[in-house]
Amino acid sequence: MKRVFIHTFGCQMNVNDTMRMSEALSSMAYSPTPTADNADLIILNTCSIREKAEDKMLSALGRYRQVKLQRGALIGVGGCVAQQEKNRILERVPYVDFVFGPDAIQKLPEIIQRVEADRVRVVETAWVDSESYVFPTANPNTSRGKATEFITVMKGCDNVCSFCVVPHTRGREVSRPFTEVLKEAASLTTVGVREVTLVGQNVNSYLGGISFAQLLLRTAQVPGIERVRFTTSHPHDLSDELIEAFRIEPKIMSHFHLPVQAGSNDVLKRMRRDYTVVEYLERLAKLRVARPDIAVTTDIIVGFPGESDEDFEKTFQLTEQVRYAGQFSFVYSPRPKTGAAMREAEWGSVPHDVKIARLERLNALQKRISIELNAAFVGQTVEVLVEGSSKTDASRRFGRTGQNTTVNFDGDAPIGALAKVQIGHASASALGGKQVSVESMPAIMVPEAEVAPEVCVA
Ligand code: SAH
Ligand code: SF4
Ligand code: F3S
């Protein structure tokens, strides 16, 4: 048996792709190893969303070079950087053996055979056109004993946000037929999964035979599925039908990740996000009527070209007004071939120190809001789906509320149980408490030692 180490960067799409890679390689007798040091094959599943992600990949490649020198390990680069920058990788990193794009995952065994047999460098980054694309079907054993799992429902993105590289790296939107999604949800329940998150770069523009709202409702009806989540969504696709789904189906969890990107209409326009702040707030208000306890999270970019102090103040005020449960805020990073990178000189770059100062202010505000929102749970009893032992203290348990807040607690509920936890402590990022009861046990119990391992994500 040979060993493969896959280092995953970036978003949930890549985490999912890594699992499919690992399954494809098991057909060639490659088993996963948690460290690169004893690997015979090292794959970097890369992300190019911001420059930093690419830098991390390059420094990791530098480290893995030693393993190649010592053990003769093969090194492959997949994912979004591979798709967009194949020539640059091959030129700059002579010890990379193969480069493959997100559409070539199922060809991985064939690519590796070619590298091994012919000792040539192989490049496979062709797109598969929408009509002929077949989504890899997950092997449920890869998810054995996990309480929660991700299901890919679409790939690519048809939007044209001027800062974003994803349409260049993932191509056009292709939705997976709904029957396949439901089948995958059902197969995951046979290994203990009770919560699924439907993932895609833009899930609510799903077109796989039924609407996205219908897909959520149908997934919630799969026997054994207790909780349904999804990520990520574009505000312009937040339809009334989707809002109605939140009103009628309690198995759709009370969390909505709705990236706003900026609180200024001028910036939104240059970003080519086709909504105004008022429209965004109206959608959100309607959602909150349908599901009053919904936790809303967002993504924000600060320092977008031309962002003035007044523009940033509007983003700051929007954060205060919406009272997001959490946000991922980023400093703008120009990406190759994107509209904003090409027009940055015209719109005006924001100096680096100004960007950083804005980011720090926004993060401090969000932290204060998150602490306030989480503090309101102290003294309350919440329901969590138990995912395993706590990452910070192995003697405690870990799970998440319907609103997606992390809870670390004292108790003995097994993975997959729905437990009631009394909250005694709150920070900006997590709640702490003690188990008061176990509401429902998983239908399938897998000993914790046999639970499929997590993939390595940077
Ligand atoms: N499809 C999702 C976004 C996925 S990328 C959506 O439309 O919401 C995740 C986040 O990375 C984006 O929401 C954005 O906030 C951030 N991001 C994307 N491109 C960026 C760039 N060039 N610089 C900084 N942050 C960026
Ligand atoms: Fe990028 Fe916009 Fe598509 Fe999101 S919706 S992946 S930000 S182009
Ligand atoms: Fe990164 Fe590609 Fe995802 S650029 S965020 S890995 S789609």
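All residue numbers refer to positions in the sequence shown, counting from 1. Just follow the structure's listing: the first ligand is 1, and inside any ligand the first atom is 1. Keep in mind that the numbers below use all heavy atoms, side chains included, and drop hydrogens, waters and symmetry copies. Please read these numbers as outputs of a predicted model, since none were measured by experiment.
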Let's go through H257 and T297 carefully: what are the C-alpha distance in whole Å and the side-chain angles of both, what is the deciding distance for side-chain hydrogen bond (donor to acceptor under 3.5 Å, both in side chains) to 0.1 Å, and is it a yes or a no?
CA-CA 5 Å; H257 184 65; T297 54; 2.8 Å; yes
For ligand 1, is there an atom lying under 4.0 Å from some heavy atom of [X]?
{"X": "N202", "value": "no"}
{"X": "V331", "value": "yes"}
{"X": "H236", "value": "no"}

Protein contact of [atom] - nearest heavy atom, named by residue and atom, plus distance:
{"atom": "atom 8 (O) of ligand 1", "value": "P259 CG, 3.0 Å"}
{"atom": "atom 19 (N) of ligand 1", "value": "F163 CD1, 3.3 Å"}
{"atom": "atom 15 (O) of ligand 1", "value": "Q261 OE1, 2.7 Å"}
{"atom": "atom 10 (C) of ligand 1", "value": "D299 OD2, 3.4 Å"}
{"atom": "atom 1 (Fe) of ligand 3", "value": "C47 SG, 2.4 Å"}
{"atom": "atom 6 (S) of ligand 3", "value": "N14 ND2, 3.3 Å"}
{"atom": "atom 1 (Fe) of ligand 2", "value": "C164 SG, 2.3 Å"}
{"atom": "atom 7 (S) of ligand 3", "value": "Q201 NE2, 3.1 Å"}
{"atom": "atom 5 (S) of ligand 2", "value": "N159 ND2, 3.3 Å"}
{"atom": "atom 5 (S) of ligand 1", "value": "I49 CD1, 3.5 Å"}

Could you grab the distance from atom CG of L318 to atom OG1 of T298, nearest 0.5 Å is fine?
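It is 7.5 Å, given to the nearest 0.5 Å.
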Using distance alone, determine whether [X] and ligand 1 share an N or O pair under 3.5 Å.
{"X": "R335", "answer": "no"}
{"X": "R50", "answer": "yes"}
{"X": "Y332", "answer": "no"}

Under-4.0 Å heavy-atom contact with ligand 2, by part of P167 that carries it
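For P167, the contact with ligand 2 is made by the side chain alone.
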Short N-O contact, [X] and [Y], less than 4.0 angstrom:
{"X": "E307", "Y": "K314", "result": "no"}
{"X": "D97", "Y": "K68", "result": "yes"}
{"X": "K155", "Y": "E173", "result": "no"}
{"X": "E249", "Y": "R218", "result": "no"}

The test is side-chain hydrogen bond (donor to acceptor under 3.5 Å, both in side chains); show your working for E344 and S349 and say whether it passes.
CA-CA 6 Å; E344 186 160 351; S349 299; 2.8 Å; yes
Less than 6.0 angstrom from the centroid, inside 45 degrees of the normal: does K391 satisfy that with respect to the ring of F398?
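Flagged: K391 positioned over aromatic ring of F398.
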Of all the atoms in ligand 2, which lie at a distance below 4.0 Å from a heavy atom belonging to C157?
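That gives atoms 3 (Fe), 5 (S), 6 (S), 8 (S) of ligand 2.
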Enumerated ligand 2 atoms positioned under 4.0 Å from heavy atoms of R273
2 (Fe), 7 (S)
Closest to atom 3 (Fe) of ligand 3 (judged by heavy-atom distance), picking from G10, A53, C11:
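The option holding the nearest heavy atom is C11.
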Ligand 1 contact on R170 by region, counting heavy-atom pairs under 4.0 Å
neither
Is it true that T8 and N14 share a donor-acceptor pair across their side chains at a distance under 3.5 Å?
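No, because no side-chain N or O of N14 sits under 3.5 Å from a partner of the opposite role on T8.
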Will you find, in the side chains of T152 and N16, an N or O donor that is under 3.5 Å from an N or O acceptor?
yes
Can you tell me if, anywhere in C80, an N/O/S atom lies at a distance from atom 1 (Fe) of ligand 3 that is smaller than 2.8 Å?
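Looking at C80, which is the residue asked about, there is no N, O or S atom under 2.8 Å from atom 1 (Fe) of ligand 3.
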